[in-house]
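In what follows, a structure is listed as structure tokens, so that the remarks can point back to it.
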Amino acid sequence: MPTATIPIVDFSRGDNPDQTQTVGFSTMFCLDPHTTPGVLRVNNQMGNDDDANITGLITAFDVYDANGGTARLYGVDIAGAIYYRITNAWTQLRTTASGQAGNYLKAFQTSLYYTRATAGRLGRLLGDPTVAANYNDAIQNLAAGGIVGDYYPMEVFAGSLYIGSGRYVGKLEADETTFTSQALTIAKGYEIQSMTTWNDRLCMGTVSGDSTITEYIVIWDGVSDYPEQLIEVPKPGASAIFNFNNTLYAFIGPKVYYFTGSEFEIAFQLPKFSDGVTNDKVKVRPGAVGLFNEQMLFGTSSPSSAALNVFKSGIYSYGSHSSDFSKVLTFAFESSAGSTPTSLIEIGA
């Protein structure tokens, strides 16, 4: 019986779920279609980076210059431990008390600030990170109100540091002294789990319990008593939001939405499981999205042990070579294990 051959004539289309098309692939695995249009390149393999010294899932990274000349990469993990990378290795600097997935850190003005999700405190490092006296684990008290996951995202916006704290947003002014624990209050029953800046506004994604039927993207000018816009989005809400090329993207379960200016529409969907298991619980954590080589990179987390062999958890890429090409999705980097994982893969940051 004769067989039909469907040639692939356009690598630059990335993942394309329609297998009858001659552009793109049903799955593009660890490949780069962008660097040289028309040529499909293999991405570099990921490798471990001194994982023996990191004892918990990193939930946020940021760069901080402690001495006015040597900027270093810092991270905080799910248990509240703070690390930095020096001479190509990671060192644990401090354990700030037990924590949760909401621990976050952000460089602001002269300091590195970190949230302590369990304690509801804002901590501060000022100066040499190896000196214990340079830390204050409770420089400010955050407003109580964590109800779902105790997320405490942070963002520098309009010269101030903003901290999500349950249903409240705290605000630290540029003087690093003036602090308002409830600069904004959202509806009871909702918690802020993600935060970014877009179009001269502070944007936040909510999470709530089973009693609610929808979630929100909150758009705020940073000073008014009330949000400028509340846009409804599906549950489980935007676990991460990101400003990519001045377009606001929201990561909601296995789907990624973009903001049209009035509502959020689906930009693309992560691959479905091949054995009929749904991927509704696939998650992109609040700190697991970044910009690299003009691509939006984001790390996914596997939802359950049963899904290990049917969902590729790793680093995905969304972007294009230039404005002449469409933005497309690819599965850019597998985990450093290089084989089918035997345990859940979670990418925190």
Side-chain angles (χ1 to χ4, degrees), residues 60 62 102 104 106 108 113 115 142-143 145-174 179-209 212-253 255-268 283-291 296 298 318 327:
D62 207 358
Y104 217 81
K106 182 70 70 171
F108 176 64
Y113 289 91
T115 50
L142 301 172
I147 54 171
V148 180
D150 289 323
Y151 297 96
Y152 285 75
M154 292 192 285
E155 187 74 15
V156 176
F157 170 68
S160 298
L161 177 66
Y162 292 82
I163 308 102
S165 171
R167 60 188 289 237
Y168 307 104
V169 180
K171 180 180 181 181
L172 180 66
E173 304 283 359
F179 181 73
T180 304
S181 64
Q182 299 180 28
L184 179 70
T185 303
I186 64 173
K188 187 175 181 180
Y190 291 88
E191 180 175 346
I192 295 164
Q193 67 171 332
S194 55
M195 186 180 292
T196 194
T197 58
W198 170 81
N199 199 26
D200 294 326
R201 295 294 185 269
L202 190 67
C203 304
M204 296 159 280
T206 70
V207 63
S208 59
T212 63
I213 60 174
T214 190
E215 300 292 345
Y216 293 97
I217 301 293
V218 181
I219 299 179
W220 182 44
D221 63 9
V223 295
S224 300
D225 292 335
Y226 302 99
E228 185 174 326
Q229 287 182 273
L230 287 173
I231 301 105
E232 289 189 2
V233 295
K235 294 184 78 67
S239 60
I241 52 179
F242 192 72
N243 181 356
F244 178 43
N245 289 344
N246 206 36
T247 298
L248 184 62
Y249 289 86
F251 294 78
I252 303 175
K255 298 177 182 179
V256 181
Y257 294 71
Y258 73 99
F259 189 44
T260 65
S262 59
E263 61 183 355
F264 281 85
E265 295 185 357
I266 296 175
F268 57 89
K283 185 174 185 177
V284 176
R285 290 182 175 272
V289 190
L291 183 67
M296 181 170 68
F298 57 95
Y318 183 70
K327 292 184 177 65

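Just so it is clear, the structure is predicted and the values come from calculations on it, not from any experiment.
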Task: Closest approach of Tyr258 to Ala267 (non-hydrogen atoms, all atoms of both residues) - done: CD2-CB, 3.8 Å

Open item on the list: Quick check: do Tyr190 and Val218 have side-chain heavy atoms less than 4.5 Å from each other?
Closed with: no

TODO: State whether the side chain of Thr214 and the backbone N or O of Val233 hold a donor-acceptor pair below 3.5 Å, judged by distance alone.
DONE: yes

TODO: Please check if the side chain of Arg167 supplies one atom and the backbone of Thr185 the other of a donor-acceptor pair under 3.5 Å.
DONE: no

Task: salt bridge (Lys or Arg N to Asp or Glu O under 4.0 Å) involving Glu228 - partner list, sequence neighbours excluded - done: Arg201

TODO: Taking the side chain as every heavy atom from C-beta outward, state whether Pro234 and Tyr257 have any pair of such atoms under 4.5 Å apart.
DONE: yes

- [ ] Rounded to the nearest 0.5 Å, what's the gap from CD1 on Ile217 to CD1 on Ile252? Could you check?
- [x] 5.5 Å

Task: Under 3.5 Å: donor-acceptor pair, side chain of Ser194, backbone of Ala238 - done: yes

Task: Set of side-chain hydrogen bond (donor to acceptor under 3.5 Å, both in side chains) partners for Thr206, sequence neighbours left out - done: Glu215

- [ ] Identify the heavy atoms of Thr180 and Ala183 that sit nearest to each other, and give their distance.
- [x] CG2-N, 3.8 Å

Open item on the list: Nearest 0.5 angstrom please: Ile241 CD1 to Gln193 CD, how far?
Closed with: 9.0 Å

Task: Taking every non-hydrogen atom, the tightest pair across Pro286 and Ala240 - done: CA-CB, 4.0 Å

- [ ] For Tyr113 and Met154, work out which heavy atoms get closest and say how close.
- [x] O-CE, 3.4 Å

Open item on the list: So, taking the atom named CG in Leu291 and the one named CG in Asn245, what distance separates them when rounded to the nearest 0.5 Å?
Closed with: 7.5 Å

- [ ] Evaluate the side-chain proximity of Ser181 to Leu142: yes if any heavy-atom separation is below 4.5 Å, no if none is.
- [x] no

Open item on the list: Is there a side-chain contact between Phe244 and Val289 in this structure, where contact means two heavy atoms from C-beta onward sitting under 4.5 Å apart?
Closed with: no

Open item on the list: Any non-hydrogen side-chain atom of Pro227 less than 4.5 Å from a side-chain atom of Leu184?
Closed with: yes

Open item on the list: If I take atom CD from residue Gln229 and atom OH from residue Tyr216, how far apart are they, to the nearest 0.5 angstrom?
Closed with: 13.5 Å

TODO: Using a cut-off of 6.0 Å, state whether more than 12 heavy atoms not belonging to Lys235 lie near its atom NZ.
DONE: yes

Open item on the list: Can you tell me how far apart CD (Glu155) and OG1 (Thr196) are? Round to the nearest 0.5 Å.
Closed with: 4.5 Å

TODO: Determine whether Val223 and Lys171 make a side-chain contact, defined as any pair of heavy atoms from C-beta on separated by less than 4.5 Å.
DONE: yes

- [ ] Check whether more than 12 heavy atoms from other residues, nucleotides or ligands sit under 6.0 Å from atom CG of Asn246, and answer yes or no.
- [x] yes

Open item on the list: For Val256 and Tyr318: C-alpha separation, side-chain torsions, deciding distance, then whether side-chain contact (heavy atoms from CB on, under 4.5 Å) applies.
Closed with: CA-CA 10 Å; Val256 181; Tyr318 183 70; over 6 Å; no

Open item on the list: Among residues at least two apart in sequence or on other chains, which ones pass ring pair (Phe, Tyr, Trp, His ring centres under 6.0 Å) with Phe108?
Closed with: none

TODO: Could you tell me the separation between the OG atom of Ser160 and the CG atom of Leu172, rounded to the nearest 0.5 Å?
DONE: 7.5 Å

- [ ] Output yes when a side-chain donor or acceptor of Thr260 lies under 3.5 Å from a complementary backbone atom of Glu263, and no otherwise.
- [x] yes

TODO: Pick out which of Phe264, Tyr249, Phe242 makes a ring-ring contact (aromatic ring centres under 6.0 Å, His included) with Phe259.
DONE: Phe264

TODO: Mind telling me whether Tyr162 and Trp220 have parallel, tilted or perpendicular rings, with 30° and 60° as the class edges?
DONE: perpendicular

